[in-house]
Amino acid sequence: MKIPRSVLSLLSILSLAGFCLGFVLHALTYFGIDPGSSVPTTFPLSARGSSHPITKAEFIKYSAYWARMTSSHWMAVCSLIAMEFYDYLRRRVLKLTG
């Protein structure tokens with residue numbers, strides 16, 4: 001089954017955009033940069049039905065942990081799609097140029 005070139009191009013552009021967005025959001029969270037100016041000073045932390053306030057520093061720390069746990073999986077998926085697209089383009093160029 002041949003996948004149309006336009007579909008491959010669209011998928012690779014979307015995966016690269018997702019990779020870049022995930023990387024930037026991960027970096028912002030990891031370095032503690034606050035992307036919004038109207039963020040409250042205390043945040044509710046909910047677990048198993050109970051909630052208690054935490055400080056901004058604790059929120060950044062827990063957000064960094066969460067980002068590290070989830071972003072690496074998306075980075076791996078997007079990188080794999082980008083590598084497959086690169087391999088497809090390389091084979092196509094070699095076929096066209098001889």
Side-chain angles (χ1 to χ4, degrees):
M1 178 176 130
K2 274 190 149 181
I3 300 174
R5 185 175 186 186
S6 59
V7 172
L8 285 175
S9 299
L10 179 65
L11 289 176
S12 63
I13 289 170
L14 289 175
S15 67
L16 287 174
F19 172 80
C20 293
L21 178 65
F23 184 77
V24 168
L25 291 177
H26 173 72
L28 287 174
T29 305
Y30 182 74
F31 291 115
I33 298 171
D34 186 13
S37 61
S38 63
V39 176
T41 56
T42 60
F43 303 88
L45 177 65
S46 298
R48 298 184 184 135
S50 63
S51 178
H52 65 280
I54 59 174
T55 65
K56 184 176 179 179
E58 290 174 318
F59 176 76
I60 290 172
K61 181 176 98 172
Y62 294 135
S63 295
Y65 290 154
W66 180 82
R68 281 187 234 161
M69 287 188 296
T70 58
S71 67
S72 60
H73 295 91
W74 287 109
M75 287 179 174
V77 168
C78 293
S79 298
L80 181 63
I81 292 171
M83 287 188 300
E84 288 296 324
F85 183 65
Y86 171 76
D87 187 48
Y88 166 77
L89 288 179
R90 185 182 58 82
R91 282 186 279 127
R92 181 149 174 102
V93 167
L94 287 176
K95 188 169 117 180
L96 291 175
T97 59

Which donor-acceptor pairs under 3.5 Å do the side chains of residues 9-25 make with protein atoms, sequence neighbours left out?
residue : atom : partner : partner atom : Å
S9      : OG   : R5      : O            : 3.0
S12     : OG   : L8      : O            : 3.1
S12     : OG   : S9      : O            : 2.8
S15     : OG   : L11     : O            : 3.2
S15     : OG   : S12     : O            : 2.9

Do you reckon V7 sits in the same ILVMFWY cluster as I81, going by side-chain contacts under 4.5 Å, direct or chained?
->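 In one cluster: no.
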Acceptor/donor pairs from residues 91-98 side chains to any protein atom, 3.5 angstrom cut, sequence neighbours excluded:
residue : atom : partner : partner atom : Å
R91     : NE   : D87     : OD2          : 3.2
R91     : NH2  : D87     : OD2          : 3.4
T97     : OG1  : V93     : O            : 2.8

